[in-house]
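Note sheet for the following structure.
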Amino acid sequence: MTDSSTPPAGADAPNPLRDPRDRRLPLIAGPSSMVMFGVTGDLARKKLLPAIYDLTHRGLLPPSFGLVGFGRREWSDDDFADYVRKSVSEHSRTGFDESVFEQLRGGLRFVTGTFDDSAAFEKLTEVVGELDRTRGTGGNHAFYLSIPPDAFPQVCGQLADSGLNTPRDGSWRRVVIEKPFGHDLASARELNDVVEKAFRPEDVFRIDHYLGKETVQNILALRFANQMFEPIWNANYVDHVQITMAEDIGIGSRAGYYDGIGTARDVIQNHLLQL
């Protein structure tokens, strides 16, 4: 049991979007683990893994949280831990703390395999079962699909065939799917049918990792809460608005992803239109 008099790790890192007058306690996740497909990709390395570390640092994940990486590399759990360490030390927002990482490291596991490898999903079933026994994750597991959309049906099918999609004894199983979700309305509906054959609709989370970022949210606050800008930031004084998206990393390791998706579908119809 956690001593309520001792603040959680990272408590000195305030949330810039939280009203200091709000005295509600932060919502801390219950016993659970996350299985991340595409964990060796650019998004996971720069965004997802550092975000999980930051949640741990802020005390918003349970000490027993487990993180399972699934990929083609012939890695041991220690190899995966080294990869996570490098990722979070380079990209986390809250700064690297060895004690926080050691807490997270205890729940790190890696499963080697491809999406069409049924034996790998059998191994994955064993690994999440081991987390239930040794880390007390309680059968609560989320599956994060940070992979190209054409692989969604195959992975969801493998999760269903292995029984990983089925909760037991009051636990939950959820799937998190990154955009883009299909390439038109018909393909999106077809993909939706495939996903909902494996998971209940309320257990499917379709997300865009960019939506809701502080930069976007602050545009409205900057305009309407600022008496200097609000009277003049309107059509009477603004001729046009130009939005420029610039990256200095190039395609990097994302060539396969962009070859099938393209930049327009990846960022214009969501990131830039939200701006």
Side-chain angles (χ1 to χ4, degrees), residues 32-45 47-49 51-52 66-75 77 80 83-84 107-132 137 139-168 171-184 186-209 253-262 265-266:
S32 57
S33 81
M34 174 175 286
V35 178
M36 189 176 296
F37 296 91
V39 72
T40 59
D42 191 74
L43 175 64
R45 182 171 60 86
K47 299 294 184 181
L48 303 182
L49 295 176
I52 288 176
L67 175 64
V68 182
F70 186 100
R72 291 176 294 182
R73 302 186 186 186
E74 295 289 342
W75 279 353
D77 293 344
F80 181 51
Y83 171 76
V84 175
L108 296 180
R109 305 288 187 273
F110 191 80
V111 175
T112 299
T114 57
F115 300 151
D116 60 353
D117 184 359
S118 298
F121 281 84
E122 292 178 5
K123 176 63 176 178
L124 179 60
T125 303
E126 296 174 3
V127 169
V128 298
E130 181 263 325
L131 288 175
D132 288 339
T137 48
N140 301 317
H141 304 288
F143 303 95
Y144 198 116
L145 274 55
S146 179
I147 55 180
D150 57 3
F152 292 165
Q154 188 172 38
V155 172
C156 287
Q158 291 277 25
L159 292 174
D161 292 342
S162 61
L164 285 166
N165 65 322
T166 305
R168 298 176 180 85
S171 63
W172 49 258
R173 302 293 170 95
R174 296 167 182 162
V175 62
V176 184
I177 298 178
E178 280 273 8
K179 57 80 188 169
F181 195 80
H183 58 270
D184 57 15
S187 63
R189 285 175 171 168
E190 181 180 356
L191 183 55
N192 188 67
D193 291 339
V194 170
V195 172
E196 292 190 355
K197 286 181 180 178
F199 292 88
R200 299 178 304 175
E202 59 268 29
D203 293 332
V204 180
F205 294 78
R206 303 166 186 81
I207 71 166
D208 185 327
H209 55 270
S253 61
R254 301 174 293 176
Y257 174 79
Y258 277 127
D259 186 52
I261 301 301
R265 191 177 296 132
D266 182 49

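Only heavy atoms go into these numbers, but all of them, side chains included; no hydrogens, no water, no symmetry mates.
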SB check Arg206 Glu196 (cutoff 4.0 Å)
yes
Got a sec, which residues hit ring-ring contact (aromatic ring centres under 6.0 Å, His included) with Tyr83, two or more places apart in sequence or on another chain?
Trp75
Do Trp172 and Ser32 have side chains that approach each other closer than 4.5 Å (heavy atoms only, starting at C-beta)?
yes
Between Phe70 and Phe121, does the ring-ring contact (aromatic ring centres under 6.0 Å, His included) criterion hold? Intermediate values first, please.
CA-CA 9 Å; Phe70 186 100; Phe121 281 84; 5.1 Å; yes
Determine whether Leu67 and Met36 make a side-chain contact, defined as any pair of heavy atoms from C-beta on separated by less than 4.5 Å.
yes
So NE2 of His141 and OG1 of Thr125: to nearest 0.5 Å the spacing works out to 10.0 Å
Closest contact, heavy atoms only, Glu178 versus Phe152
O-CZ, 3.4 Å
Evaluate the side-chain contact (heavy atoms from CB on, under 4.5 Å) criterion for residues Ser118 and Gln158: first the C-alpha distance (whole Å), next the side-chain angles of each, then the deciding distance (0.1 Å), finally the verdict.
CA-CA 7 Å; Ser118 298; Gln158 291 277 25; 3.6 Å; yes
Do Phe115 and Ile147 come close enough that some side-chain heavy atom pair is under 4.5 Å?
yes
Would you say Arg72's side chain and Thr112's backbone share a donor-acceptor pair under 3.5 angstrom?
no
If I compare all heavy atoms of Leu131 with all of Gly107, which pair ends up nearest, and what's the gap?
CD2-O, 4.2 Å
Does the side chain of Leu159 reach to within under 4.5 Å of the side chain of Phe37, using non-hydrogen atoms?
yes
To the nearest 0.5 Å, what is the distance between CD1 (Ile207) and OG (Ser146)?
9.0 Å
Is the closest side-chain donor-acceptor distance between Ser187 and Asp184 under 3.5 Å?
yes
Walk me through whether Asp42 and Lys47 qualify under side-chain contact (heavy atoms from CB on, under 4.5 Å).
CA-CA 8 Å; Asp42 191 74; Lys47 299 294 184 181; over 6 Å; no
Indicate yes or no: at least one non-hydrogen side-chain atom of Val39 is less than 4.5 angstrom from one of Arg45.
no
Does Gln154 have more than 12 heavy atoms from other residues, nucleotides or ligands lying within 6.0 Å of its CD?
yes
Go through the steps to decide whether Asp77 and Leu108 satisfy the test side-chain contact (heavy atoms from CB on, under 4.5 Å), and finish with yes or no.
CA-CA 7 Å; Asp77 293 344; Leu108 296 180; over 6 Å; no
To the nearest 0.5 Å, tell me how far Leu124 CG sits from Asp117 CG.
11.0 Å
Between Ser171 and Thr137, is any pair of side-chain heavy atoms under 4.5 Å apart?
no
Atom CZ in Arg168, atom CG in Asp132: separation rounded to 0.5 Å?
10.0 Å
From Leu43 atom CG to Tyr144 atom OH, the distance as rounded to the nearest 0.5 Å:
6.0 Å
Which heavy atom of Ala44 sits nearest a heavy atom of Gly38, and at what distance?
CB-O, 3.6 Å
Which heavy atom in Ala120 sits nearest to a heavy atom in Gly113, and how many Å separate them?
CB-CA, 3.7 Å
Between Ser33 and Asn140, is there a side-chain heavy-atom distance shorter than 4.5 Å?
no
What distance do Asp193 atom CG and Glu190 atom CD have between them, rounded to the nearest 0.5 Å?
8.0 Å
Quick one: are Phe205 and Val175 in side-chain contact, heavy atoms under 4.5 Å?
no
Could you walk me through whether Leu164 and Arg173 pass the side-chain contact (heavy atoms from CB on, under 4.5 Å) test, one step at a time?
CA-CA 8 Å; Leu164 285 166; Arg173 302 293 170 95; 4.2 Å; yes
